[in-house]
Amino acid sequence: MKKVKPHSQKNQSQYKPSLARIIAIEVESAVRDTRTFTLEFLDDAAREQFQYLPGQFAELSVAGAGEAPISITSSPTQPHPEFCIKRMGVVTRAIHNLSVGDTIGVRGPYGNTFPLETMEGKNIIFVAGGIGLAPLRSLIIYMLDAQHRSRYKDITIIYGARSPGDFLFKRDLKQWAQRQDVTYHETVDKADETYTGKEGFVPQLLEEVAPKSANAIALTCGPPIMIKFVLQGLTKLGFTPDQIITTLEMRMKCGIGKCGRCNIGPYYVCIDGPVFSYRQILGMPQEY
Amino acid sequence: MAKDSTKHLTSKLLPKKNLEQFLDALLKQYDVIAPVEQNGFSRYQKITRGTECCLKYRLPRNSIKEFFLPQDETLFFFEPGAASLSDAPSAKREPIIFPVRPCDVRALTILDAVFDDEQFSDSYYVEKRRRMRLIGMACLEPDDTCFCETFDINSTDGTGCDLFLTEVEDSYIIDVLTTKGKTLIKTLADAPQELIQKKKQQVAARRKSQSLKLAEVQNFLKQCFESELWEEMAAKCLSCGACAFLCPTCHCFDITDDVAGKIGRRLRSWDCCMFPKFTLHASGHNPRTKHAQRLRQRIMHKFSYFPENKSLIACVGCGRCVVACPVNLDIREILSTLASSTHPASP
Amino acid sequence: MELENQIEHELRERAQQLLAENVVDLIIGYGRGTLPNRVTPVFIRKPQDANMLVWNNHCQLNLVSYLQRMQSSSKIGIVVKGCDARSLVGLIKEKQISRDRLHIIGIVCDGILDTRATGEPPIPYASCQHCEVNVPPLYDILIGSPDEIKPKKPSELDAELAAFEALSPAERWKALEQEFSRCIRCYACRNACPLCYCEECFVDQTQPKWISEGTHPSDIMIYHLVRALHSAGRCGECGACERACPMGIKLRLLTQKVSRDVAELFQDKPGIDLERPPALHTFSTDDDNSTFL
Ligand SMILES: Cc1cc2nc3c(=O)[nH]c(=O)nc-3n(C[C@H](O)[C@H](O)[C@H](O)COP(=O)(O)OP(=O)(O)OC[C@H]3O[C@@H](n4cnc5c(N)ncnc54)[C@H](O)[C@@H]3O)c2cc1C
Ligand code: SF4
Ligand code: SF4
Ligand code: SF4
Ligand code: SF4
Ligand code: SF4
Ligand code: FES
């Protein structure tokens, strides 16, 4: 996976966030307490500095509550960075309590990126579950952008959620479903009256869609249990561990390889990840 | 770090009886950190008078890391709700640590590799490191718990210090190793040749600290990840932070917000991989719930993962964890147990 | 030394028997340490390993703190000193461990040497110098002979605690602040204490958050004061917390002080009587209410 050379920040505090204003909040899922926040940096230098690529994350903070690592869900082809955040604990709750116009601290971008160059000229299969779509969305939007679309071949998206109310980014899903150059499939674990689509788990849907492994790369993000079965499914379909890309989540603090928290084997998920190939993961201690 | 390579300018003489006076003179201009007698051990802390310095014990219980990576460090201040951040004021006087043992000096190179790496340099650490002056002291008689030799540390070598003292009879011979060090000993006389000769003899005859047979520690540890010995060895571990907090090379930390009334600060504080909450996710998932997994992380990080990344073993054999562990879970024993489990034939 | 050897010898014999006859499937005891004045906990499952057990005047740990971890063993033999047995009684009363799962190997103890004191000859820990439970209050087998122990003067305060009690409240606060300024928040004290068994200690809670992660004196003090209050009326004065502390902090000033206060107020010594309910779990109209003011 590509290591990103950070901008030289030698004499600057690595821990002091830049400040950004929230310019939009989208409630993605009321059931899962998930919202997307669109940010705009307060000063130009900070905006300039925040040059990111799909796969990276940032440390978001609310003064008084603390910091949390959150994937950048927008694509650099979009004008403003976006973060899709599920309410979990202290920091994420504090972020959810903010309104449009409030300020928020941002450190980053951190971490590596999806292997953009290796994926060129290949068929791309996305397999996402729940909030796992957040990091993948960045890449999907990036690839579908007119500037980049020709670099990648067929794009297939398989997305599942627990219930119809759990689908995130509904506006994007609709667009993807309509596009001619995207094959879009979705499923829910459990349907309700309003829902007419497929019912079943993501790994089952994957088996049905059965994407070809030749000249393809599959990217998967989602709950650990889903990942486990998706990996099995992909392997059955002939994908080698090098053709499968996923992201790892470890508890994080610094985001810059110092605090030791995200260490797993010789890797630091915050600088060597969060994007890893299945091959790399197979070589790691099973401690994630 | 320590790019200053002024090679061995001169050797100076400091009679032991003048030590307090020497420290008092330094105190006029610098903050002096020295061992202070406690309840059966000594502890590095800021002193106000030379007489407070206690050299009865070889290694103070705490390490010098807290003067580079404090247990409690303000990264910046903020007013909750207000959109501005302000820096914490930095100390005015430049600090000196006296005396620093060679193991602790080596530990700083390990911390340098973490905090001053090319990808991200940590300005808080780097700044403290730049300001610090180190007055080292040779170990001619290591303690029972010393095992610096295992990691090829020469306990009579002052590399990395500004000044380096070696005890000879009732004096210290001071080697001046940097220009920064030179400014500290302006008033001292040159050491007489005979004492310098004597020092050389003593150094040659020094008693070495014990060394463990750890041929290719990294390699045998690789085979040990799944070993059942972890469970066995960790059965008595209390999962406290004594070993890591006193270790001169352990550097894991937490970042949290600390608000008192109208003023808040982002706080960096020590943390360690032995605490169960270290890896706990907000979802409740925890990759290392067992004592054995955490002990394994501590050992593997120091002796396998860290060397793999930085080509340095993250232990200097100071033995602080050996002394401090309340249940005598001895890191030397852990390593030799693992080593012999992978080479059952060797003695 | 003679006496110690006898105890050690008998201990090994009895332990071997207990394991061989399947009376217990695990014995938690002391084994040889890696330093001259240290012992280390050992977990023995085979009769032939019983000779790993040692007994000497460095057996400073309270092994009771390991009991709750040993879920897989159905019957556990545990080596306890008198003070350790007090915390064991406490745990049984608080229903943390069932009496039926235990085979208590009580040892008559004449005091543990203070490894911190540098003088010669070595002296016992302050808490041992005034120990009133040389013979464990609860055991299945007892090793050692009570007659060999020189009687202590229990009513007498040890000098350190007496000096502390003599201070004014303001001076006491200052003394505590001074003592705790060395605390590095490693939590060895809490983790070594058999009675600190909370699933989540209040210092680790984040919702709500009680204290900050730093080393501000007030945060450290809150930790120690709350711990002392949580163990009031329960602490068996074994001193395990103080001996675990790598910074040599006299935790006893708080824990033992609070224990003594409880003993005076409620005429109760925790961990002595298995039948009597813990003092602070009961309320009687005769209770002395002077501390509420
Ligand atoms: C690389 C990466 C990308 C992520 N992307 C997203 C995202 O796009 N959207 C989203 O909703 N969540 C994401 N998470 C998870 C998110 O970071 C946690 O849910 C969040 O940190 C919980 O913080 P809290 O303060 O609300 O919870 P608390 O339980 O109060 O956590 C306290 C502290 O622990 C740490 N922490 C707890 N859980 C985690 C965790 N799972 N991962 C890392 N640190 C943790 C944080 O530092 C946090 O401040 C991501 C995590 C990682 C590592
Ligand atoms: S470990 Fe080595 S350098 Fe350190 S104090 Fe002991 S002898 Fe000296
Ligand atoms: S692990 Fe122990 S011996 Fe090694 S440097 Fe740390 S404290 Fe010293
Ligand atoms: S991971 Fe553990 S052993 Fe390594 S530096 Fe951090 S606390 Fe120390
Ligand atoms: S090894 Fe010892 S000092 Fe370290 S966590 Fe375990 S009990 Fe505490
Ligand atoms: S053991 Fe000592 S240093 Fe550690 S938390 Fe307790 S009092 Fe503080
Ligand atoms: S988050 Fe601190 S090292 Fe990775």
Side-chain angles (χ1 to χ4, degrees), chain B residues 37-41 43 45 56-57 61-62 66 70-74 144-145 232 235-246 253-260 265 267-272 274-277 280 282 290-291 319-333, chain C residues 26 28 30-43 58 60-61 63 65-66 69-70 114-119 179 181-193 200-201 204-206 209 211-216 218-220 240-250:
Chain B
E37 167 97 66
Q38 311 284 328
N39 198 2
F41 59 89
R43 170 178 182 253
Q45 60 189 52
K56 195 157 100 192
Y57 311 93
R61 186 61 57 87
N62 56 343
E66 66 186 69
Q71 180 164 16
D72 178 312
E73 181 170 36
T74 300
D144 289 352
T145 46
E232 222 170 276
K236 61 187 172 191
C237 176
L238 299 176
S239 284
C240 65
C243 49
F245 284 4
L246 297 177
F253 59 83
D254 199 357
I255 299 176
T256 50
D257 282 9
D258 177 19
V259 185
R265 56 181 190 139
L267 162 69
R268 157 149 85 183
S269 56
W270 290 349
D271 206 336
C272 92
M274 297 304 249
F275 290 148
K277 286 194 80 170
L280 178 67
K290 292 186 179 166
H291 294 89
R320 282 191 179 85
C321 58
V322 177
V323 177
C325 175
V327 300
N328 190 228
L329 182 45
D330 189 323
I331 196 164
R332 300 169 300 176
E333 201 177 37
Chain C
L26 165 72
I28 310 177
Y30 302 101
R32 194 167 310 288
T34 60
L35 301 174
N37 56 2
R38 301 292 295 277
V39 297
T40 193
V42 287
F43 303 88
H58 294 297
Q60 51 162 279
L61 305 156
L63 302 172
S65 56
Y66 290 107
R69 280 201 217 171
M70 301 296 158
D114 191 340
T115 45
R116 299 165 311 192
T118 40
E179 196 61 24
S181 67
R182 292 199 300 278
C183 177
I184 55 171
R185 290 183 72 168
C186 68
Y187 299 126
C189 47
R190 175 192 71 189
N191 297 6
C193 172
E200 190 180 31
C201 177
D204 290 328
Q205 286 170 347
T206 54
K209 186 162 148 174
I211 59 176
S212 131
E213 281 77 358
T215 54
H216 193 278
S218 65
D219 288 322
I220 290 180
C241 53
E242 178 164 325
R243 295 196 282 251
C245 176
M247 300 311 288
I249 293 167
K250 293 177 188 148

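Convention: sequence-line order gives letters A, B, ...; per-chain numbering from 1. Computation of the quantities below employed the complete heavy-atom set of this structure, encompassing side-chain atoms and omitting hydrogens, waters and symmetry-equivalent molecules.
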Which bit of [X] comes within less than 4.5 Å of chain B, counting heavy atoms only: side chain, backbone, both or neither?
{"X": "C/Arg182", "answer": "both"}
{"X": "C/Ser181", "answer": "backbone"}
{"X": "C/Val39", "answer": "backbone"}
{"X": "C/Ile184", "answer": "both"}

ask   = Quick check: does any side chain N or O of C/Tyr187 sit under 3.5 Å from a backbone N or O of B/Gly241, one acting as donor and the other as acceptor?
value = no
query = Counting only N and O atoms by type, is there a donor-acceptor contact under 3.5 Å from the side chain of C/Arg243 to the main-chain atoms of B/Pro326?
reply = no
Side chain from CB out, backbone as N, CA, C, O: work out which of these in [X] comes under 4.5 Å of a heavy atom of chain C, or both, or neither.
{"X": "B/Thr74", "value": "neither"}
{"X": "B/Cys237", "value": "backbone"}
{"X": "B/Cys325", "value": "backbone"}
{"X": "B/Arg332", "value": "side chain"}
{"X": "B/Val323", "value": "backbone"}

request  = Identify, with sequence neighbours excluded, every residue that meets side chain to side chain contact (heavy atoms under 4.5 Å, CB included) alongside C/Asp204.
outcome  = B/Lys277, C/Arg190, C/Glu200, C/Cys201
query = Taking only residues two or more places apart in sequence or in another chain, which ones pass side chain to side chain contact (heavy atoms under 4.5 Å, CB included) with C/Cys245?
reply = C/Met247, C/Ile249, C/Leu251
remark   = Which of B/Asn328, B/Leu329, B/Asp330 passes side chain to side chain contact (heavy atoms under 4.5 Å, CB included) with C/Thr40? Answer is B/Asn328
query = Does one side chain, of C/Thr215 or B/Gln71, offer a donor that lies under 3.5 Å from an acceptor on the other?
reply = no
